[in-house]
Amino acid sequence: MIDPKIIRDDIESVRRNHAKRNMTGVVNLDELKNIDEERRSLNLKSDELREKRNTLSKTIGQLKGQGPEAEALKKDVQAIADELKSFADRQAELEKMFNELHLSVPNMLDESVPEGKDEKENVVVRTWGAKPEFSFTPKPHYEIGTDMGILDFERGVKLAGARFYLYRGLAARLERSIINFMLDLHTKENGYEETFGPFIVNDESMTGTGQYPKFKDEYYRIDRDGLSLIPTAEVTLTNIYRDEIIEEENLPIHLTMQSSCFRREAGAAGRDTRGLVRVHQFQKVELVKFVEPSTSFDELEKLTANAEEVLKRLGLHYRVVLLCGGDTSASSAKTYDIEVWMPGLDRYMEISSCSNFLEYQARRAMIRYRKKGEKPAYLHTLNGSGLAAGRTMAAIIENYQTSDGRFEIPEVLKKYM
RNA sequence: GGAGAGGUGUCAGAGUGGUCUAAUGUGUCUGAUUCGAAAUCAGAUGUCCUGAGAGGGACCGGGGGUUCGAAUCCCUCCCUCUCCGCCA
């Protein structure tokens with residue numbers, strides 16, 4: 001959520017922000033503003049009526065609640081109660097509408113985010129390494145994996161359906177090694193605390209990080225229990241501090257967690273149908289930070305560098321892309337994608353997405369911090385993949401492939417195998 | 001899943017219809033005392049909304065109801081604990 005004061009006092013900046021996101025008209029801002037005004041005036045009215053009621057009731061109490069005087073007062077209070085009731089429904093309705101619209105308003109983009117409609121207008125900010133050269137035509141990872149008998153897509157489909165897979169032998173062990181390598185790097189060198197928590201969470205958690213209510217079709221929800229499978233450990237990690245106030249001396253908090261991630265990929269029919277690129281379940285090591293607001297953009301650079309370090313050590317060529325307004329997710333104020341080169345697919349593939357959410361998630365999830373002697377304030381949250389494990393394995397298979405249709409294990413992973 | 005108990009401020013814990021403006025203890029901060037500290041004494045100390053401020057309103061697990069008035073009574077949901085059952 002953005003600060004409602006911005007909607008009240010400077011709706012034009014919200015409008016410009018929508019335009020930059022290529023979202024003009026997606027949220028009816030005029031309606032939102034009208035609802036907010038009506039809601040606040042009714043709230044004021046009911047506060048005043050309540051004040052009167054409280055005073056009169058107290059007087060009745062002092063009169064011991066009996067006698068003609070008290071009876072007359074009771075009638076007065078009854079009248080006030082009736083009046084309160086007369087617009088209570090409208091009030092509840094306004095509150096609900098305001099909340100729904102407010103939750104749908106995307107975050108304010110940072111000034112450094114470039115203009116642009118979609119991913120074609122993202123800006124490459126740096127590249128690392130170079131595309132590997134082959135004396136043969138490199139194959140996609142799914143061909144190599146299938147031929148080697150370590151990726152079994154047919155049986156994945158038998159077990160669960162399209163976009164599921166089965167790892168056998170080397171692939172299963174390699175992905176486990178990749179996860180261990182990443183966790184060790186982030187905990188021993190990059191200063192993150194390793195955590196592990198639920199893969200299934202309640203609606204409050206899904207709302208806190210911005211998945212609900214708008215994008216319900218994207219996720220698996222167990223209606224019977226009111227629980228959802230997490231699409232990323234960001235949900236688990238960020239909601240750890242939901243409804244809490246953190247003392248300033250405990251900031252920043254840097255957490256990492258590996259999890260399986262579950263996505264319905266509702267809007268992606270026909271895209272990336274082969275291989276490990278777009279699947280319903282994948283494993284990922286996630287990085288999440290809770291920071292003092294003035295530091296959050298520095299922290300974003302560091303977070304991105306922490307994710308890049310994984311690829312550097314694996315010797316995989318990549319580029320870092322600053323997402324344009326139209327491609328930045330609703331919760332984020334600024335996002336860097338890290339894209340690894342895939343020689344077999346002959347394109348770059350997103351392997352990490354690092355975002356600064358400012359106080360957008362903190363407001364939704366009521367995560368605050370307190371400086372000594374001051375009032376609680378919203379902190380800033382950030383997250384990034386560090387990295388998606390399945391895609392990392394796919395990148396290794398493609399970049400380290402050999403002419404005999406197999407592939408080598410990167411040096412840093414050997415001790416994990 | 002069955003039976004029972006319970007959810008109150010940083011924490012512990014009282015409060016079963018009207019000075020609850022939530023007792024008391026504890027923690028924290030400030031002051032007094034002290035060379036300094038401990039101890040002791042005095043005072044302060046929650047969150048949200050609204051308002052320029054004074055102030056006002058809301059919050060005793062969530063939601064709803066009864067009442068002139070609800071932490072307190074009723075309904076409902078959630079959670080925790082104990083015992084039993086089941087279980088990696």
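Throughout, a chain's letter reflects where its sequence line sits, starting with A, and its residues are numbered from 1. Bear in mind that the values here come from a model prediction, so they are computed numbers and not experimental data.
With sequence neighbours left out, the side chain to side chain contact (heavy atoms under 4.5 Å, CB included) criterion links A/P343 to A/P132, A/F134, A/P138, A/W341, A/E398, A/N399. A/D89 is linked by a side-chain hydrogen bond (donor to acceptor under 3.5 Å, both in side chains) to nothing, counting only residues two or more places apart in sequence or in another chain. In this structure A/E189 satisfies the salt bridge (charged side-chain N to carboxylate O under 4.0 Å, His left out) test together with A/R313, sequence neighbours excluded. Here A/E175 pairs with A/Y167, A/Q283 under the side-chain hydrogen bond (donor to acceptor under 3.5 Å, both in side chains) rule; sequence neighbours left out. Not counting sequence neighbours, the partners of A/N383 by the side-chain hydrogen bond (donor to acceptor under 3.5 Å, both in side chains) test are A/E234. In this structure A/Y219 satisfies the ring-ring contact (aromatic ring centres under 6.0 Å, His included) test with no other residue, sequence neighbours excluded. Contacts of A/S46 classified as side-chain hydrogen bond (donor to acceptor under 3.5 Å, both in side chains), with partners at least two apart in sequence or in another chain: A/Q91.
At a threshold of 4.5 Å between non-hydrogen side-chain atoms, the residues A/D327 and A/D118 do not count as touching. A heavy-atom distance below 4.5 Å is not found between the side chains of A/Y400 and A/I409.
A ring pair (Phe, Tyr, Trp, His ring centres under 6.0 Å) check over residues 245-270 of chain A, counting only residues at least two apart or in different chains, returns the pairs A/Y192-A/H254.
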Report each atom pair, protein N/O against N/O of nucleotides 74-79 of chain B, whose distance is under 3.5 angstrom.
none

Write down the protein N/O and nucleotide N/O pairs, taken from nucleotides 58-63 of chain B, whose separation is under 3.5 Å; answer none if there are no such pairs.
none

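Side-chain atoms of A/E95 and A/N99 form no donor-acceptor pair, as typed in the model, at a separation below 3.5 Å.
In this structure, CZ of A/R370 is placed 9 Å from P of B/rC48, rounded to the nearest angstrom.
Going from the P atom of B/rA22 to that of B/rU45 covers 11 Å, rounded to whole Å. Taking atom C1' in both B/rG46 and B/rC11, the straight-line distance is 14 Å, to the nearest Å. The same atom, P, is picked in B/rG17 and in B/rG25; the two are 25 Å apart, to the nearest Å. B/rG63 and B/rA58: their C1' atoms are spaced 16 Å apart (whole Å).
A ring-centre distance under 6.0 Å is found for A/H317 and A/Y348.
Helical stems in RNA chain B, defined as runs of 3 or more consecutive Watson-Crick or G-U wobble pairs with donor-acceptor distances under 3.5 Å: B:1-7 with B:78-84, B:27-32 with B:40-45, B:46-50 with B:55-59, B:61-65 with B:73-77.
Contact detail for A/R278 and A/R391: the closest heavy-atom pair is NH2-NH2, 4.4 Å.
RNA chain B is contacted by A/V77, A/Q78 of residues 75-87 of chain A, taking any non-hydrogen atom closer than 4.0 Å.
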